[in-house]
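Some notes on the structure that comes next.
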Amino acid sequence: MYKNLVTHNGKFHADDVFASVIMTRLFPTLTIVRTRDETVTGDQSNFVYDVGGGAFDHHGIDDTRQHANGVPMAAFGLIWQQFGKQYIADLNPELAPTIMQAVYEKIDSHFIVGIDALDNGVSAYQSEVFTVPDIINDFYDEDDEANSFNRALAFAKTILENRVKKTIAKEIAQQDVIAQATFVSDQILFVPISGPWKDYAEKFDQLVFAVLPRKDGNWMIQGVPVAHGSFEVKHAIPQIKEEGIVFIHRTGFMAVVDTAEHALQLAKDVLNGRES
């Protein structure tokens with residue numbers, strides 16, 4: 001067992017704060033020591049990250065460790081790579097191995113990679129709106145460093161736990177969707193239950209529309225995005241006027257109709273070039 005968890009003092013960032021969330025969850029009896037004192041960071045009985053030049057410090061000029069998309073890893077990614085599955089299992093010990101692997105990969109690619117990118121100066125991941133790293137940085141108060149770190153840690157703990165738990169729930173629900181979904185054609189996917197479908201649909205290059213139920217009793221046609229996370233769809237639905245159509249979004253990414261049969265027929269009509 002380690003003696004302490006050790007990371008750097010001074011200005012903290014999202015990568016070391018989120019890495020601390022994982023380590024304090026897995027090693028709850030250990031104290032976080034924030035220092036750059038080499039007698040502490042070099043002590044092999046401590047678990048050291050984001051400082052000290054060890055396995056979980058990414059600041060070496062020759063460090064080539066990367067995420068799958070080529071983004072350099074920061075402390076958060078390095079800790080996740082080693083301890084992510086253990087952290088997920090601690091939150092939900094009953095997960096099937098396939099769900100575990102999917103959650104591990106999606107947290108990395110949909111959440112951690114952005115934080116690591118910003119910490120390493122990969123500005124392509126910088127949003128025009130306030131990012132999670134922005135919020136973490138705003139907790140820092142150089143006149144009250146210890147308390148500001150603890151407040152940031154509590155905030156990050158909530159964020160990461162919620163993200164993992166929601167990803168687990170989504171993966172489990174998606175397995176039900178996959179089990180019941182059928183391909184009407186190579187362009188239309190019929191999903192008879194409500195649930196997450198986009199990650200599955202995005203695996204099929206030819207797929208254009210998904211037809212699925214709504215909680216209000218109507219049915220919906222949704223366009224498959226051109227890329228993950230994009231609001232642009234492969235084929236917009238035109239503003240068709242006919243009985244049974246409840247609503248078509250002005251951008252054409254989705255339509256609401258009265259029945260499953262109507263939704264399927266409308267999807268076929270749109271693909272066949274019907275415009276009105």
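This is a predicted model, so every value here is computed, not measured. Hydrogens, waters and symmetry mates are skipped; everything else that's a heavy atom, side chains included, is used.
- With hydrogens and angles ignored, the 3.5 Å screen pairs no side-chain donor or acceptor of H67 with any backbone N or O of N69.
- Remark: M220 CE to K215 NZ distance equals 10.5 Å, nearest 0.5 Å.
- N92 places a side-chain N or O within donor-acceptor distance of the main-chain N or O of E94, the cut-off being under 3.5 Å.
- For the pair Q180 and P192, the tightest heavy-atom approach, listed with the atom from each and the gap, is O-CD, 3.4 Å.
- By the 4.5 Å heavy-atom criterion applied to side chains, V132 and F18 are counted as neighbours.
- Between the side chain of S230 and the backbone N or O of V226 there is no donor-acceptor pair closer than 3.5 Å.
- Residue L78 comes nearest to A55 through the heavy atom pair CD1-O, 4.0 Å, listed as atom of the first residue, atom of the second, then distance.
- Counting only heavy atoms from C-beta outward, the side chains of K198 and H228 never approach each other to under 4.5 Å.
- Within the 4.5 Å cutoff, side-chain heavy atoms of L153 are placed close to those of I32.
- Aromatic ring centres of Y49 and F56: separated by at least 6.0 Å.
- In plain terms, the two heavy atoms of K170 and P196 that are nearest each other are O-CG, 3.4 Å.
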Decide side-chain hydrogen bond (donor to acceptor under 3.5 Å, both in side chains) for Q239 and H249; before the verdict, give the C-alpha distance in whole Å, the side-chain angles of both, and the deciding distance to 0.1 Å.
CA-CA 8 Å; Q239 293 295 322; H249 193 273; over 6 Å; no
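- Side-chain contact check for L118 versus V122: every heavy-atom pair is 4.5 Å or farther apart.
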Criterion side-chain hydrogen bond (donor to acceptor under 3.5 Å, both in side chains) on H58 and D63, from CA distance to verdict
CA-CA 6 Å; H58 65 106; D63 195 338; 6.0 Å; no
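- Residue pairs meeting the salt bridge (charged side-chain N to carboxylate O under 4.0 Å, His left out) criterion with at least one partner in residues 1-29, sequence neighbours excluded, are K3-D43, R25-D90, R25-E161.
- Judged by distance alone, with hydrogens and angles left aside, the side-chain atoms of Q187 form no donor-acceptor pair with the main-chain N or O of V208 at under 3.5 Å.
- Taking the ring centre of F149 as origin, the terminal cationic atom of R34 falls inside the region bounded by 6.0 Å and 45° from the ring axis.
- Checked by atom type and distance alone, the side chain of N4 never pairs as donor or acceptor with a backbone atom of V6 at under 3.5 Å.
- Transitive grouping of hydrophobic side chains (ILVMFWY, heavy atoms separated by less than 4.5 Å) brings I168 and I159 into a common cluster.
- Between the OG atom of S20 and the CZ atom of F76 there is a distance of 10.5 Å, given to the nearest 0.5 Å.
- Heavy-atom contacts from other residues, nucleotides or ligands closer than 6.0 Å to CD of Q101 number more than 12.
- The shortest side-chain heavy-atom distance between V184 and K268 falls under the 4.5 Å cut-off.
- Counted within 6.0 Å of CD on E38, heavy atoms from surrounding residues, nucleotides or ligands total 12 or fewer; the atom is thus considered open.
- Contact detail for A236 and V270: the closest heavy-atom pair is O-CG1, 4.1 Å.
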With side-chain contact (heavy atoms from CB on, under 4.5 Å) as the test, would you mind laying out the steps for V256 and I221 before giving the verdict?
CA-CA 7 Å; V256 178; I221 309 167; over 6 Å; no
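- Between the K234 side chain and the D205 main chain, a donor and an acceptor come within less than 3.5 Å of each other.
- Between W80 and F111, the gap from one ring centroid to the other reaches at least 6.0 Å.
- Taking the centre of each ring, F83 and F47 come in below the 6.0 Å mark.
- D116 contributes a side-chain N or O that, together with a main-chain N or O of A74, makes up a donor-acceptor pair within less than 3.5 Å.
- Rounding to the nearest 0.5 angstrom, the gap separating the CG atom in L91 from the CG atom in L95 is 9.0 Å.
- The local environment of CD in Q66 is crowded, with over 12 non-hydrogen atoms from other residues, nucleotides or ligands closer than 6.0 Å.
- Using a 4.5 Å heavy-atom cutoff, the side chains of I188 and L264 are in contact.
- No side-chain heavy atom of V17 sits less than 4.5 Å from a side-chain heavy atom of F155.
- In this structure, CD1 in I237 is found 6.5 Å from CD1 in I248, a value given to the nearest 0.5 Å.
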Using the side-chain hydrogen bond (donor to acceptor under 3.5 Å, both in side chains) rule, take H59 and D57 through it: C-alpha gap first, then chi angles, then the decisive distance, then the call.
CA-CA 6 Å; H59 294 102; D57 184 11; 2.5 Å; yes
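- Remark: aromatic rings of Y140 and F12 are close, center separation under 6.0 Å.
- By the neighbour-count criterion of 12 heavy atoms within 6.0 Å, atom OH of Y2 is sparsely surrounded, having that number or fewer from other residues, nucleotides or ligands.
- For A201 against L207, the heavy-atom pair with the smallest separation is CB-CD2, 3.5 Å.
- Within the structure, salt bridge (charged side-chain N to carboxylate O under 4.0 Å, His left out) pairs that include any residue of residues 98-115 comprise K106-E171, K106-D199 (at least two apart or interchain).
- For F183, the ring-ring contact (aromatic ring centres under 6.0 Å, His included) partners at least two apart in sequence or on another chain are F204.
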Any chance you could lay out the side-chain contact (heavy atoms from CB on, under 4.5 Å) test for F209 and L266, step after step, and finish with the verdict?
CA-CA 11 Å; F209 291 128; L266 183 59; over 6 Å; no
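- Atom OG of S148 is separated from atom CG of N137 by 11.0 Å, given to the nearest 0.5 angstrom.
- Here the closest non-hydrogen pair linking P213 and V191 is CD-O, 3.1 Å.
- Atoms CD1 and CD1, on I79 and I22 in that order, are 7.0 Å from each other to the nearest 0.5 Å.
- The backbone N or O of T39 lies less than 3.5 Å from a partner atom in the side chain of D37, making a donor-acceptor pair.
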